[in-house]
Amino acid sequence: MDCSDNAYTLLIKAISVIPISHYALGLLFVLIVILYNFLEFHLVEDLLTGFRGSPVSLTYNSCSEIYEGVASKCKILHGRYLATPWLSSPHMQTTFLNFFGRPPAFTYRRQLFHASDGGTIALDWLLKTDVSGDDIYQNSSMSKDDTTPIMVVIPGLTSDSASAYLKHLAFDTAKQGWNVVISNHRGLGGISVTSDCFYNAGWTEDTRAVIDYLHHKYTKAPLFAVGTSIGANILVKYLGEHGENVPVAGAVAICSPWDLLIGDRFISRRLIQKLYDRALCIGLQGYAQLHQPHYSRLADWEGITKSRSIRDFDNYATCLVGKFETVDTYYRRCSSSSYVGNVSVPLLCISALDDPLCTAEAIPWDECRANKNIVLATTQHGGHLAFFEGITGSGLWWVRAAYEFLSILHCSPFMHTQKKTQNTSPHASLETSIDQGPYINLTGGMVAAMGNELVTNDVVDMEDLSEGQKSHDRVTEEIVLDSREGQLLAGVNPNFPYSVPSSSKQSEGAKGSNSLELSNPIRRCLNKLFRQNRTSIWLLGYIAIVSTWPLLGAALQFVFKKKLKSVLPRTKHRSPR
């Protein structure tokens with residue numbers, strides 16, 4: 001006992017002799033190690049590799065002409081990606097992008113697009129002349145005969161054209177000589193919601209309407225689409241829904257979540273992911289707050305205010321507004337991974353394996369490899385939509401990679417051209433007819449779904465001027481598309497954004513010519529049903545007659561039941577005679 005007591009006494013004395021500063025250094029070292037692992041830093045890894053970065057991994061079909069003719073010529077995709085050293089963490093990159101981002105300074109030109117259901121979409125343009133630096137071309141407009149490629153950008157969740165990463169993309173692309181238009185989601189970009197339709201992770205109606213409008217207005221300009229995050233999921237789903245029948249020459253999907261159900265499980269798995277989940281939920285609640293009158297009427301407002309995760313918000317808001325049975329149903333139907341196999345447009349997909357929001361577990365590796373039109377590029381690092389590069393972190397790697405792919409595609413014979421064929425997607429045909437309506441109720445309880453045709457789209461063009469200036473060019477344009485031929489029946493003023501309003505008499509004449517058809521939509525829908533399904537209607541009539549004949553016989557028997565009873569006893573009484 002004495003020896004052990006002496007040993008402990010000596011140990012305590014030795015510990016007390018060690019300076020407190022050494023304990024502080026030791027504690028600091030432990031905290032650094034914990035923080036290094038918690039934030040997934042890879043600075044040591046970069047240091048050991050001599051700051052050469054990690055090679056970009058490409059997944060593609062061995063018989064892919066898109067890879068051989070386009071992706072194989074992309075030096076950026078065949079190089080390495082090295083993250084900015086002082087941002088060598090996916091969480092640091094993602095956080096820095098959202099709070100700082102170092103976006104370039106410029107001003108968009110705003111165009112208001114009114115969808116057929118009454119919704120308003122803000123289209124923010126950045127033309128190549130806006131960043132040319134020549135004052136002579138600063139106020140030049142875009143002609144309908146312009147052959148300059150147009151890049152259509154679909155933002156991520158709660159993002160709009162003011163987001164730093166979209167400004168990087170728009171500015172760098174316009175610098176290269178292209179025109180860029182960012183299609184803001186409904187209710188974002190400072191625009192109020194003007195209908196009961198809200199966007200969600202699988203809402204492709206606005207993308208289709210905007211791209212069709214641009215295709216008909218600028219017929220000579222090739223269209224290229226870029227989707228980011230949720231916007232990438234929407235883009236891939238849109239391409240898969242329509243296959244060959246899309247007017248998009250090429251596309252790029254950046255940091256797509258692919259499978260929303262897997263992403264939902266992932267974002268609630270670890271503490272760091274739960275922090276992102278909570279932050280995104282706060283952003284969605286802010287979006288709902290902007291449009292509280294609509295959400296209070298269409299959704300569960302009390303549930304929205306109490307939501308603590310994206311899943312909670314989707315349960316109390318998205319599912320109720322979008323008419324989804326459950327949250328999992330919404331995630332399954334809106335995941336783009338089910339549509340990858342039907343994509344017929346040259347598509348580059350870029351994802352980071354350390355993405356803190358969109359897990360690599362959801363990437364459809366085999367589906368991308370099986371599709372000859374898709375090239376999947378993955379990097380070890382990059383975060384979510386960040387991919388900062390250089391010592392100063394002033395540029396985004398994926399912006400350069402996306403433009404290089406599309407520019408080489410533009411100069412190649414592999415650009416996609418629209419082919420109007422029937423939709424062969426195993427999922428799109430069911431979901432577009434059932435989930436998207438509208439419906440008419442016929443006799444006998446039969447419900448027929450009518451396609452969402454673009455009847456009229458009003459477009460308002462406004463140049464977004466600097467502060468202190470007033471906008472005087474507010475123009476309303478009207479488009480009428482033939483549902484059978486898809487041709488323009490009423491012309492659109494080509495001089496965007498400096499166009500002259502059409503006369504009121506012309507607009508009244510156009511409205512008067514269609515007043516009879518628009519005044520009775522039910523009759524129009526029925527006429528269309530009879531025109532397209534004449535044989536089916538006769539067959540249904542025949543089936544109705546045959547199936548109701550036994551019911552008619554039973555009704556006659558019930559009506560003449562008393563007379564039969566009065567006749568039958570007398571017949572029975574006279575029979576013995």
Side-chain angles (χ1 to χ4, degrees), residues 25-59 71 74-104 156 164-165 168-169 172 228-229 232 252-257 266-267 269-273 275-276 279 348-363 365 375-405:
L25 291 175
L27 180 61
L28 180 62
F29 177 78
V30 172
L31 292 176
I32 290 176
V33 171
I34 294 174
L35 188 64
Y36 186 91
N37 289 276
F38 182 75
L39 296 180
E40 302 178 58
F41 277 94
H42 47 83
L43 181 61
V44 174
E45 176 187 342
D46 295 340
L47 180 62
L48 294 177
T49 58
F51 291 101
R52 296 178 60 244
S54 58
V56 181
S57 177
L58 299 179
T59 302
C74 296
K75 297 181 179 180
I76 298 176
L77 294 180
H78 287 81
R80 291 172 171 266
Y81 168 67
L82 173 65
T84 301
W86 49 276
L87 291 174
S88 58
S89 162
H91 309 290
M92 291 289 292
Q93 288 215 44
T94 304
T95 304
F96 186 82
L97 176 67
N98 285 274
F99 288 97
F100 304 100
R102 297 183 177 179
Y165 68 92
H168 278 285
L169 175 62
D172 291 359
T228 58
S229 191
V252 179
I254 310 296
C255 296
S256 174
F266 170 76
I267 204 169
R269 185 180 302 170
R270 299 172 54 204
L271 175 60
I272 189 70
Q273 267 72 43
L275 296 176
Y276 286 108
L348 172 65
C349 304
I350 298 178
S351 295
L353 299 182
D354 64 353
D355 193 319
L357 296 177
C358 302
T359 175
E361 300 171 9
I363 298 178
W365 302 92
V375 175
L376 173 63
T378 56
T379 60
Q380 291 293 326
H381 309 293
H384 186 70
L385 298 175
F387 295 86
F388 284 100
E389 60 180 354
I391 299 298
T392 59
S394 58
L396 306 182
W397 175 85
W398 67 265
V399 171
R400 295 194 302 118
Y403 174 76
E404 183 187 41
F405 175 82

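Note that this is a predicted model, so its numbers are computed, not measured.
- Remark: side-chain polar atoms of Thr95 are not paired, donor with acceptor, to backbone N or O of Met92 under 3.5 angstrom.
- Listed here is the closest heavy atom pair of Ala164 and Gly101: CB-CA, 3.9 Å.
- Without hydrogens or angle criteria, His384 side chain to Ser229 main chain gives no donor-acceptor distance under 3.5 Å.
- Using bins of under 30°, 30° to 60° and over 60° for the plane-to-plane angle, the ring pair Trp397/Tyr81 lands in the tilted bin.
- One distance of note links CZ of Arg80 with CZ of Arg52; it measures 3.5 Å at 0.5 Å rounding.
- More than 12 non-hydrogen atoms from other residues, nucleotides or ligands lie less than 6.0 angstrom from CG of Leu28.
- Taking the six-membered ring where the residue is Trp, the centroids of Phe38 and His91 are separated by 6.0 Å or more.
- At least one donor-acceptor pair closer than 3.5 Å links the side chain of Gln273 to the backbone N or O of Pro356.
- Residues Tyr403 and Asp172 are not in side-chain contact: their nearest non-hydrogen atoms beyond the backbone lie 4.5 Å or more apart.
- Side chain of Arg400 to main chain of Gly395: no donor-acceptor pair is present (N/O by atom type, distance under 3.5 Å, no hydrogens or angles).
- Contact check for Phe266 versus Pro257: no side-chain heavy atoms found under the 4.5 Å cut-off.
- Judged by distance alone, the side chain of Tyr36 and the main-chain N or O of Val44 form a donor-acceptor pair under 3.5 Å.
- Across Cys255 and Gly383, no two heavy atoms sit closer than the pair SG-O, 4.2 Å.
- Using a distance-only test at 3.5 Å, with no hydrogens or angles considered, no donor-acceptor pair links the side chain of Glu40 to the main chain of Pro90.
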Practice item. Run the numbers on Gln93 and Thr84 for side chain to side chain contact (heavy atoms under 4.5 Å, CB included), then give the verdict. Key: CA-CA 9 Å; Gln93 288 215 44; Thr84 301; over 6 Å; no

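- With rounding to the nearest 0.5 Å, the separation of SG in Cys358 from CG in Leu385 is 7.5 Å.
- Minimum heavy-atom separation, Ala402 to Val252: CB-CG1, 3.9 Å.
- In this structure, the side chain of Gln380 does not engage the main chain of Asp354 through any donor-acceptor pair within 3.5 Å.
- When all heavy atoms of Val56 and Leu77 are compared, the pair lying nearest together is CB-O, 3.3 Å.
- Considering every non-hydrogen atom in both Leu169 and Val399, the closest pair reads CA-CG1, 4.0 Å.
- Partner Phe29 forms a side-chain contact (heavy atoms from CB on, under 4.5 Å) with one of Leu31, Leu25, Val33 and no other, that one being Val33.
- Judged by distance alone, with hydrogens and angles left aside, the side-chain atoms of Asp355 form no donor-acceptor pair with the main-chain N or O of Gly382 at under 3.5 Å.
- Contact annotation: the side chain of Thr392 never approaches that of Trp86 to less than 4.5 Å [non-hydrogen atoms, C-beta and beyond].
- In terms of heavy-atom proximity, Ala401 sits nearest to Ile76 at CB-CG2, 3.8 Å.
- Within the 4.5 Å cutoff, no side-chain heavy atoms of Tyr165 are placed close to those of Ile254.
- Atoms CG and CH2, from Leu348 and Trp398 in turn, are 11.5 Å apart once rounded to the nearest 0.5 Å.
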